[in-house]
There are 2 protein chains.
Amino acid sequence: MMATRDIPDFERPLTTVDVVIFTVLDGQLQVLLVRRPDGPEEPFPNAWALPGGFVDVRLDDSLESCARRKLLDKTGVQSPYLEQLGSWGSKSRDPRGWSATHAYFALLPADAVQLKQEEGKFAQWHPVNEPPPGQPLAFDHADILQAALERLRSKVEYTSLPAFLLPEPFTLPQLQKVYEIVLGRPVDKSGFRTRALAAGFLDEQGLLDVGSPRPAMGYRLKDRAAAVYFPRPFSPRSS
Amino acid sequence: MMATRDIPDFERPLTTVDVVIFTVLDGQLQVLLVRRPDGPEEPFPNAWALPGGFVDVRLDDSLESCARRKLLDKTGVQSPYLEQLGSWGSKSRDPRGWSATHAYFALLPADAVQLKQEEGKFAQWHPVNEPPPGQPLAFDHADILQAALERLRSKVEYTSLPAFLLPEPFTLPQLQKVYEIVLGRPVDKSGFRTRALAAGFLDEQGLLDVGSPRPAMGYRLKDRAAAVYFPRPFSPRSS
DNA sequence: CGAATAGTGTCTTTCAGACATTATGCC
DNA sequence: GGCATAATGTCTGAAAGACACTATTCG
C-alpha cells in the first residue's frame, strides 16, 4: 500500500445506498422497485431498480441514516426492521464511474406503506418470484436482490424475522403462513407453535377475529427493533 | 430523495477498505494490526489500526480485489479465506471527512505469513483477548474488530471456518484445539470427530507425526475457497 | 349439528453430548 | 510394558417432526 499519509488526489468512488424492501402482499413475498428516470444521459433509463441513491454528505450522518431516509421517502415508514446486507463496489457496476453501494434490507407490513409517487417516479411492489416485465433490473441490483432473498430465507429458518412482515396484532396461524410463504414449503402447526411461543418474542393481545370460524389469539412483538434467534433451525426431517 | 438524474455536485465520501486478519499463534487467536503513521496531520498518529486504506480507482477493480491487494501487501498471502464483514460509514468516523469503509475478514495459517516491514510501518500480531498497549485502536476499528470476532465466533459454531487458520496437513486433534481456542470452551472429542468427518470437507493425507506419542491422520481441505456449513450448531447441552 | 379453523397431546425416531473403552506408537 | 495420545463405542436424554385429537365459533 502507498501513502495513507494524506488523502489521495485521485478520483473518489461514487458512494450510494440501496434498500431491498420486502413485504407480504396477496400471499406473496414482494419487493419494492422504482423506475429509473428516462433520459439520454441516465444509466439504465426506464429500468426497474432498487430504491436508493447517492449518499448526501449534507443530509446523511451515516450510512444507516441514509438508508432510513430513502426508506422514509419511498414508503413513509419510520422504523421498520432494517439490517445491513453488504456492499457491492467495482469500477464497472455503474457507467458513471467507480462506484460502491451499501445495501440494506428492510421488512415491513404492507399496510404501513404509503407509496409516494413523485415526479413521475413509480414505486411499486413486485412478487419476488416473477421478474418485473421489461428489461432486467438496473445496475447489479439483480445480484443484490438475490443476496437479500438468500439472507432472508436463510434467517427465516432460525429467527423471528417474518413477524416484521405482518401488521400487529397478528395470530399464530397468520404468522405461520408468512413463514411458509417465505420458506416456500409447509410448516408443521404444532411444532411451529411450540417454537414460536418458546422463543418468547410475542406478547398476547387478546382474541382476534380474522374472519375464520374461530377467533384466534392476537400477538404483537415484544421488541420491534430486534429479531430473536431460535436455538435450532427449522428443518424438515431428512429421511 | 432528490436528483439521481445526475452525479451530485457535493463532496464525495472517502472510500476505504479495512481487513481483519485472523490467525492462531501460540495457542491464541490473534489479529494483525499496523501502526498508523506519525505526523501532525495524520489521524490517530501512532495508534494501532486494522490494515487498510483508500480504494485506489486506478489499481482496484472491485472492493474485494482492493481487500486482496491490501492483504497481499501486508502478509504476502495470495488467497486466504476472505469474506465481507460489512460497512461502516459516517461523517464523524474519520477526521478527514465523511468516510465509508468496507470491512473484510480473512483467516490464514500463521506460517504462510511473511510480515512486511515497510517504511517504518509495523505489522504485528496481537492476541484478540489482550488489547494492544497504548492508545485504543484508530477510527472505529475497535467496533469493526468486535464485529469480526462476533461473526467468527458465531460461524465457528456451525461451519468449517477454523480449518482455514491451520497449515495443511493438520490432524483432527489440532483442528479441535482451534475450535476450542476460538470458542473459548472445551469441545467433546467424539462428537467433534463425528461432525467434522460427516461434514465431508476433509481429505485424508496419510499419517502425520506431530510429536505426540501416537501419530494421527493428517487432513487437508477439499476446497480452500469455501466454508462448509454443518446442519446443526455445536452447543453444550443446556441442562 | 356440521363445518372449519384454533389449539393441544402423544408417539417415535433421531442425534448430540457425556463418558468409557480400545488402539497405536514411542520410550 | 507403561504411558500418552489417537480413535471408536455405548448409553441416555432431549427434542423435533409427524399426526391424531380436542376445543371453539358460526351458520
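We name chains A, B, ... by the order of the sequence lines, and we start the count at 1 in each one.
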Could you state the atom-to-atom distance from [atom1] of [X] to [atom2] of [N] in whole Å?
| X | N | atom1 | atom2 | answer |
| --- | --- | --- | --- | --- |
| B/Leu207 | D/dA7 | CG | P | 8 Å |
| A/Asp209 | D/dT24 | CG | C1' | 12 Å |
| A/Glu204 | C/dA6 | CD | C1' | 13 Å |
| B/Phe192 | D/dG9 | CZ | P | 18 Å |
| A/Phe230 | D/dG17 | CZ | P | 12 Å |

**Message:** Given the ring of A/Trp48, does A/Arg35 sit roughly above its face, with NZ or CZ under 6.0 Å from the centre of the six-membered ring and within 45° of the axis?
**Reply:**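 A/Arg35 over A/Trp48 ring: yes.
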
**Asked** Does B/Tyr219 reach the side chain of B/Leu208, with side-chain heavy atoms less than 4.5 Å apart?
**Response**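 Heavy-atom side-chain distance check fails, nothing below 4.5 Å.
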
So which nucleotide from [options] ends up closest to the side chain of [X]?
| X | options | value |
| --- | --- | --- |
| B/Arg214 | D/dA18, C/dG25, C/dA23 | C/dA23 |
| A/Lys189 | C/dG7, D/dA4, D/dA6 | C/dG7 |
| A/Arg195 | D/dA6, D/dT25, D/dG17 | D/dG17 |
| B/Ser190 | C/dG7, C/dA16, C/dA18 | C/dA18 |
| B/Arg193 | C/dG25, D/dT25, D/dT8 | D/dT8 |

**Request:** Please answer whether the main-chain N or O of B/Thr171 pairs with a side-chain N or O of B/Gln174 as donor and acceptor at a distance below 3.5 Å.
**Result:**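 It does hold such a pair.
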
**Message:** Is it the case that the side chains of B/Ser87 and A/His102 hold a donor-acceptor pair, with the cut-off being a distance below 3.5 Å and no angle test?
**Reply:**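 Yes - a donor-acceptor pair under 3.5 Å links their side chains.
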
**Message:** Closest-nucleotide mapping onto DNA chain C: is B/Asp188 or B/Thr194 further toward the 5' terminus? I mean the 5' end.
**Reply:**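 Final value for this comparison: B/Thr194.
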
